[in-house]
Protein chains: 4
Amino acid sequence: MTVQPSISLAGIFPPIPTPFQADESLALDHLRANLERWNQRPLTGYVVGGSNGEFVYLSEAERLRVIETTHEFIPADRLLIAGTGMESTRGTLELTRQAAQHGADAALIVTPSYFRARMDERALTAHYLDLAEQSPLPLILYSVPANTGIDLPLGVILRLSQHPKIIGIKDSGGSVAKLGAIMKGAPPDFQILAGSASFTLGALAVGAVGVVAALANLAADQLADLLTLFHKGDLEAARTLQLNLIEANSAVTSTYGVAGLKAALDMQGFYGGPVRSPLQALDHRDRAALREIMLRAGLI
Amino acid sequence: MTVQPSISLAGIFPPIPTPFQADESLALDHLRANLERWNQRPLTGYVVGGSNGEFVYLSEAERLRVIETTHEFIPADRLLIAGTGMESTRGTLELTRQAAQHGADAALIVTPSYFRARMDERALTAHYLDLAEQSPLPLILYSVPANTGIDLPLGVILRLSQHPKIIGIKDSGGSVAKLGAIMKGAPPDFQILAGSASFTLGALAVGAVGVVAALANLAADQLADLLTLFHKGDLEAARTLQLNLIEANSAVTSTYGVAGLKAALDMQGFYGGPVRSPLQALDHRDRAALREIMLRAGLI
Amino acid sequence: MTVQPSISLAGIFPPIPTPFQADESLALDHLRANLERWNQRPLTGYVVGGSNGEFVYLSEAERLRVIETTHEFIPADRLLIAGTGMESTRGTLELTRQAAQHGADAALIVTPSYFRARMDERALTAHYLDLAEQSPLPLILYSVPANTGIDLPLGVILRLSQHPKIIGIKDSGGSVAKLGAIMKGAPPDFQILAGSASFTLGALAVGAVGVVAALANLAADQLADLLTLFHKGDLEAARTLQLNLIEANSAVTSTYGVAGLKAALDMQGFYGGPVRSPLQALDHRDRAALREIMLRAGLI
Amino acid sequence: MTVQPSISLAGIFPPIPTPFQADESLALDHLRANLERWNQRPLTGYVVGGSNGEFVYLSEAERLRVIETTHEFIPADRLLIAGTGMESTRGTLELTRQAAQHGADAALIVTPSYFRARMDERALTAHYLDLAEQSPLPLILYSVPANTGIDLPLGVILRLSQHPKIIGIKDSGGSVAKLGAIMKGAPPDFQILAGSASFTLGALAVGAVGVVAALANLAADQLADLLTLFHKGDLEAARTLQLNLIEANSAVTSTYGVAGLKAALDMQGFYGGPVRSPLQALDHRDRAALREIMLRAGLI
């Protein structure tokens, strides 16, 4: 099990939701069916156990089963990135080791956040460096302040980007100024993934290589086109695509959250299914509003 | 296993830290030794698995072992309150059931917080009502915005206070205005615990029955005296005691956190020991400053 | 014009609203009529030009006319505290000098806040010390984070409390822990005013001498009774009064703001009148809800 | 005085600082000298009375003198945008009228913010629509949450963008997702100005026409080049320029603020001079650090 610093994160990664039965138990058969559909889409790989995977509601055993199942049903040339963050360093390391054994290619590590007043630069740096030293997998930093209340500081990111086993960052904060500062200060092979489809074009403009976005579950083709157009230099067409995705992106993130994403998947013929409590299902009115948004964006 | 709505929360409860060996593994022998000392102090009971117990860094098995060990080594007439909050409702319920079997008398349930934008009144109410319906233990709400970013709303608290199995709240937010509004709006038998020694007197003034405070690990006698003086009507002496505790309280909470609390316990001859990473130990300078504060407060 | 460090702030101070005509121009005749009614109530003095006075919507000339008019129509033995805070130190000093010439007995100085990232301990300390050195009036610090986003830090307050011309603080933050820490660390003659009727009893318990509260415009008798009962040691009756005031207090502060306060004054037969835009008048539904709350609290 | 809906905001606008003498009084001669230098740079126009102009520290008379002086010393084909926001609608309208008479071409209106809990969609919409109805000048919305705590909501912006006299927005919040949503939802002639040089390229990518940035005072040529390269389709060269500006931009905004901007102007041979208190001058260490940053960016 050797580290592969040459893993390329360029492209589109859906952070896939974890399907549940009506009783909230894992629905791995639905996961398999969903994967078979996503496998037809222009995706570079998958993120499992991210925020959209409701990882905080899964036991460690469930997190591993999702990794294992996904590994089994995706092509060998697609990357499997596993969210393995726990609040403690030791817990995160242990889960990362297990994830490696269950088929993950890289680990996405969310910032610990419960003791936020203590999660200063020293603590965060120590956490990630300890992990990098011992992890069997290459690591991707994960900053998602909307959920954690912590915006991984630029100085910490630049310090960590020097470590050969820390290969990139998924930043969902939405500041392309920060992404630009990372690009400027980090080694050339440190890879930036936009954490949302809402600012993908801006992120590409300053050097991001790809995107991990809830909307990639629903709009893989459009996002792949956006990247292609951008790299061809057709910025105007890229912008049109980008602007067309923002409303639908908001709907399945800030407006309706994971329940919205799952409802939208149901509308597309995937299995979305229920969220785990205390997340709440969309009511009829919200579902109708979501359908309108999906229609307007050409996604159903 | 029947609910005992008659449990009284009046008095002092230390939220005890979880002792670790140098390698961060559980140190249950030290827990036992600490308990034997605390058992000599004027305490009504113990909270295990709270924020100061670093519950987010413990596996579920570890959380249960701490409950079990504490149950074994405390007198039968002292309450054992177990923090059993998880992010998911189902996880919280399962852990609460296990906690009951391992000796807990009541469960302290922190607000779920990862998907904070979704933790609206509907979600929080559903979470706690589901738990109340199914829990074998009486429940105590736990609002600690400094850690979770969520201040359990007054309207939700008042709604939940109507449920016979929800017997009280530990509120660490520091607003005695909110505590007063709870007192005014909740049933008479709903019990308020101040979540810090820094505003205990103000909380008592509006009707709190007790306190769950990090400082109770270090200053049980002084806090017990504070309650006694207050109930005797000697407000001036109570105030002198209260003001004398604020600086030390800040030191082991907002200033130095759990690492400060453990260092202070070491200074008193308890076993404090290390925190789990990513929490960081106090450096020499901070430790010296903490010692000065403890001396000034008469706590060493 | 000599400083009177012996000014006592003990008691009840309404931060009076500024009455406007329907066209939003100053209505000094209504101010006079209101003062004549308040003069019959058990008040120690008045705060003009505070947040409830919509000071940010008044020109400097208007601020001075309100001071002058109030000075003219209140008894000589009642204190006139004028809010004279501006964003700049020089502007604040100039307005404070003018306020002194127009009859103010003390100046209440809100924290500057526009460049909040720069309003660190050094800037805030320099601001207030410069003012204290040059002001003809004794100064009262004013921390109101709900409006300014700045919670005047404890360390700054304690440093400033050493200055003989800084005689006290109005703190609206609601943390009695902080008030206790001020009591503990400041000189004995530094006076604390609770900034809201919602936590008055808790503030008194840790040593506050009085209260500047929107609700004092509407419930002076009840607040005076609360202080009397507290000082007589009848804490239970004081608590009953305190709890009874919290809902009405919220209504005229956090829930409906100054427009709510003015609407409630109208209900009591005072002249409340309109607020200045962009503040918005209460709609019919909110006004009806406010009336219910006022009735429940026995205030109409 | 007729409205010119055809005003184009395309290009670079420095929000110029207000020069003060050592005693903090206005230094209009230095303003003139600075303008004569800026007039040689590739700028579309000037913003006076913005955050970097320390408008909150200026009297209304001073704000008008700065407008008048700037009007006098800039070429007729350069736009003069005046910040005329006050907390009240009536005050803002009056100052906007005066600004028009003193030579301003458009008014930049910051969100009112003191009563932030009341500044909901209804209040903000009413404020700007009232102004638009009555203002003699075309209006530009100004959202700067770092100073005001208020992020002008997308829905309000889209509603206001329908008004013919509201011609654009300066958004300093840094979210290109929000800028994209404005582009998508607003009329085609509604113009977006990036409020910082740190995210200019990302903003251009989604359709912004220009930039109002502190750094434009120091790096007009580089920013003009950035726009030119972008419009030529040389995204890689544009990115190199963009990344090179981020550190210097942070230095004169988030890190050192207006005092940093003024110190940097001094380093370039402009007159920066002192800030008004309570803003504090840079100390020697910070000044040295700033010089290093300016050197690294090739700006001195």
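Per chain, numbering begins at 1; letters A, B, ... match sequence-line order.
With a 4.5 angstrom heavy-atom cutoff, A:Asp120 does not touch chain B via any of its atoms. Neither the backbone nor the side chain of A:Thr111 comes within contact range of chain B; no heavy atom of the residue lies under 4.5 Å from a heavy atom of that chain. If you measure heavy-atom distances from A:Tyr128 to chain B, you find no contacts under 4.5 Å at all. Residue A:Thr92: no heavy atom, backbone or side chain, is found under 4.5 Å from chain B. Of the two parts of B:Ser254, only the backbone, made up of N, CA, C and O, holds a non-hydrogen atom closer than 4.5 Å to a non-hydrogen atom of chain A. A:Val275 does not touch chain B: none of its heavy atoms, backbone or side chain, sits under 4.5 Å away. Both the backbone and the side chain of B:Ser51 come within contact range of chain A, each with at least one heavy atom under 4.5 Å from a heavy atom of that chain. For A:Ala123, the parts sitting under 4.5 Å from any heavy atom of chain B are the backbone and the side chain alike.
For the pair A:Ser277 (side chain) and B:Thr89 (backbone), a donor-acceptor distance under 3.5 Å is absent.
Closest non-hydrogen pair, A:Pro278 versus B:Ser88, comes out as CD-CA, 3.9 Å. Nearest heavy atoms, B:Gln280 versus A:Ala126: NE2-CB, 3.6 Å.
Each of B:His127, B:Glu87, B:Glu24, B:Met119 has some count of heavy-atom pairs under 4.5 Å with chain A, and the biggest count is that of B:Glu87. Among A:Arg276, A:Glu60, A:Glu54, A:Arg90, the residue with the largest count of heavy-atom pairs under 4.5 Å with chain B is A:Arg90.
Within the model, atoms OH of B:Tyr57 and CE of A:Met86 stand 11.5 Å from one another, a figure rounded to the nearest 0.5 Å. In this structure, OG in B:Ser113 is found 6.5 Å from CZ in A:Arg116, a value given to the nearest 0.5 Å.
For A:Tyr114 and B:Phe55, the gap between ring centers is short of 6.0 Å.
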